[in-house]
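Index from 1, following the sequence.
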Amino acid sequence: MMAEGGGGPARRKALSLLEAARSRYESLQISDDVFGESGQDSSGNPFYSTSADSRSAASSQDEDDDEEDQGRPGVPSPRGRAARRRAPRAAATPAERRRQRQVCGGSAVPGGPGPMEEEEEAEKGGWTRSLRDVPPPHFKDGSGPTRKMPLTASAMDFFQLFVPDNVLKNMVVQTNMYAKKYQERFGSDDAWIDVTLTEMKAFLGYMISTSIHHCESVLSIWSSGFYSNKSIALIMTQSRFEKILKYFHVVAFRSSQTTHSLYKIQPFLDSLQNGFDSAFKPSQAQVLHEPLIDEDPVFIATCTERELRKRKKRKFSLWVRQCSSTGFICQIYVHLKEGSGADGLDALKNKPQLHSMVAKSLCQNASGKNYIIFTGPSITSLNLFEEFEKQGIYCCGLLSTRKSDCTGLPPSMLNNSVTPQSRGQYRIRMKGNMSLICWYNKGHFRFLTNAYSPVQQGVIIKRKSGEIPCPLAVEAFAAHLSYICKYDDKYSKYFISHKPNKTWQQVFWFAISIAINNAYILYKMSEAYHVTRQGLEGKQKIPRLEQQNKELVTPPVLSSKNAK
């Protein structure tokens with residue numbers, strides 16, 4: 001017991017923080033598919049994955065609904081429901097047996113409302129059980145990089161498609177202007193010398209190196225510890241780096257016409273967005289989501305309590321529109337927490353209408369292109385999808401009665417049946433081109449879509465259970481979302497680790513991280529990458545070939561005496 005408690009409360013607290021951080025990261029690991037059964041998942045979030053051991057969205061939703069329904073007239077308690085499930089059922093009447101024999105695809109679910117009641121209820125809102133084929137949206141535009149880079153292009157050349165030299169020169173000018181005004185107000189700094197373009201590139205390189213080495217602080221480069229790097233520490237002294245970091249600015253002064261809190265980096269974000277739009281055309285399938293931008297759990301555990309409190313006070317939410325076939329982030333949207341008002345970050349997490357506002361901002365450049373947008377439960381809503389359809393944007397989203405705006409949806413499709421269903425059963429209701437799907441796979445999953453026909457069948461392949469039938473929209477959602485989860489799991493580890501106190505600086509370094517990831521994606525899709533790889537493989541083969549040729553030409557035994 002003494003050995004376990006060694007280190008005191010500080011060590012136990014660090015271990016608990018590490019365990020909590022690791023469990024949070026492990027909960028986001030995607031299994032073999034979105035509706036997997038082999039991977040461990042404790043998140044209970046069907047937007048990422050579900051497993052046999054985890055709670056599905058429907059099960060957690062049922063528990064919450066049960067708690068809310070307790071005390072309401074006419075609603076049995078959870079214990080009463082469980083007892084009713086265990087109690088032997090009375091002999092069913094012929095009418096009940098006919099209803100039970102009806103299966104998915106618009107049939108009534110045992111234990112739910114009767115067919116006539118369901119039909120009358122659905123017809124009031126325009127929803128019907130009569131299904132018809134809907135043609136998929138036609139996509140004319142091609143996808144991929146728009147610029148052909150030379151074969152000698154490096155990864156830095158692709159990065160400068162988004163952050164060119166003129167943007168870096170503007171950072172140099174603004175940093176020097178801010179340093180001058182700062183010293184006029186607070187006193188001169190004799191150690192300060194105006195920064196140059198070369199120094200600015202080196203400064204950014206030091207910051208970017210933290211994403212590769214995962215060091216706690218960029219100042220570790222000049223230390224003598226594990227994260228020291230003498231090869232790049234000689235480029236710039238630590239004191240000079242700290243001076244540039246002190247005065248670093250993208251926009252030094254607020255304009256009289258500017259009221260937005262991100263005015264210090266808004267020109268940079270606009271330039272970055274133009275670079276994304278001009279360098280790459282996304283595929284038809286895209287996803288709206290929040291990328292993972294948290295630190296590595298090992299370094300969270302090593303932080304002091306004061307540093308941890310600072311890290312938790314992130315005053316913005318970062319959302320992206322991402323190409324699901326390549327992982328390229330097409331658009332960024334930053335929502336600031338500017339107080340406790342209706343547009344604050346706390347309200348954004350709870351109110352679906354604010355998530356709709358985020359979705360509209362991310363899709364403002366996607367009108368008329370017949371994109372298919374995949375959304376999570378917080379964004380999915382009938383009103384938003386109908387508005388997007390008028391703009392030529394089609395959607396497929398996961399529904400949740402706790403997180404989604406269910407206005408206009410038939411209540412009979414939002415309630416779960418009391419009698420357990422078999423895996424692969426589903427019900428569908430249709431309104432115009434919109435389809436509402438309730439699919440069962442160890443939990444009820446609901447989808448709203450106008451991009452896929454409800455009569456077309458798909459399949460979810462599992463390693464243990466084999467193939468599970470489902471509508472085509474469910475299969476498409478699982479495939480595209482699984483790719484994005486794998487992208488997040490891979491690239492979220494390479495965000496710049498520097499976490500300043502200023503909000504605009506945090507947003508800036510996250511935007512730089514996204515630009516680096518996009519540049520690497522373009523680099524891997526280019527011919528320059530394959531030429532470089534072939535050159536590296538060729539250099540590795542040359543020594544072996546030279547050794548083989550030397551052995552063929554030179555006799556195996558050739559002494560100096562024999563040579564004479």
Could you give the side-chain donor-acceptor pairs of residues 166-175 under 3.5 Å, partners two or more places apart or in another chain?
| residue | atom | partner | partner atom | Å |
| --- | --- | --- | --- | --- |
| Asn170 | ND2 | Val250 | O | 3.4 |
| Gln174 | OE1 | Ala252 | N | 3.0 |
| Thr175 | OG1 | Met171 | O | 2.7 |
| Thr175 | OG1 | His249 | N | 3.2 |
| Thr175 | OG1 | His249 | O | 3.2 |

Using the six-membered ring wherever Trp is involved, compare the ring planes of Tyr206 and Trp222 and label them parallel, tilted or perpendicular (cut-offs 30° and 60°). tilted
Which of parallel (below 30°), tilted (30 to 60°) and perpendicular (above 60°) describes Tyr178 and Phe253? tilted
Report yes or no: do Asn383 and Glu387 form a side-chain donor-acceptor pair below 3.5 Å? no
Output a table of donor-acceptor pairs, distance under 3.5 Å, between side-chain atoms of residues 516-524 and any protein atom two or more places apart or on a different chain; print 'none' if there are none.
| residue | atom | partner | partner atom | Å |
| --- | --- | --- | --- | --- |
| Asn518 | OD1 | Ile329 | N | 3.0 |
| Asn518 | ND2 | Ile329 | O | 3.0 |

With sequence neighbours left out, what residues match Lys148 under salt bridge (Lys or Arg N to Asp or Glu O under 4.0 Å)? Glu527
For the pair Trp509 and Phe248, name the ring-plane relationship: parallel under 30°, tilted 30 to 60°, perpendicular over 60°. parallel
salt_bridge(Asp165, Lys201) N-O dist < 4.0 Å: yes
Tell me whether the rings of Phe328 and Phe276 are parallel (<30°), tilted (30 to 60°) or perpendicular (>60°). perpendicular
How close do Ala511 and Leu269 get, counting heavy atoms only, and between which atoms? CB-CD2, 3.9 Å
Check the surroundings of atom NZ in Lys181: do more than 12 heavy atoms from other residues, nucleotides or ligands lie under 6.0 Å from it? no
For Tyr247 and Tyr182, take the angle between the two ring planes, folded into 0 to 90°, and tell me which bin it lands in: parallel under 30, tilted 30 to 60, perpendicular over 60. perpendicular
Main-chain N/O of Leu382 paired to Asp405 side chain as donor or acceptor, under 3.5 Å: no
Heavy-atom nearest pair, Cys406 first then Leu414, reads CB-CD1, 3.8 Å
Closest approach of Ala451 to Ile372 (non-hydrogen atoms, all atoms of both residues): CB-CG2, 3.8 Å
Could you report the tightest heavy-atom contact between Cys323 and Gln286, atom names first, then the distance? CA-CG, 4.2 Å
Do the non-hydrogen side-chain atoms of Lys140 and Asn370 ever get within less than 4.5 Å of each other? no
Restricting to non-hydrogen atoms, name the atom on Pro267 and the atom on Val251 that form the minimum distance, rounded to 0.1 Å. CG-CG2, 3.6 Å
Check: Gly397 main-chain N/O paired with Thr449 side-chain donor or acceptor under 3.5 Å: no
How far apart are the closest heavy atoms of Cys363 and Arg321, and which atoms are they? SG-CD, 4.2 Å
Take atom NZ of Lys180 as the centre, draw a 6.0 Å sphere, and report whether it contains more than 12 heavy atoms from other residues, nucleotides or ligands. no
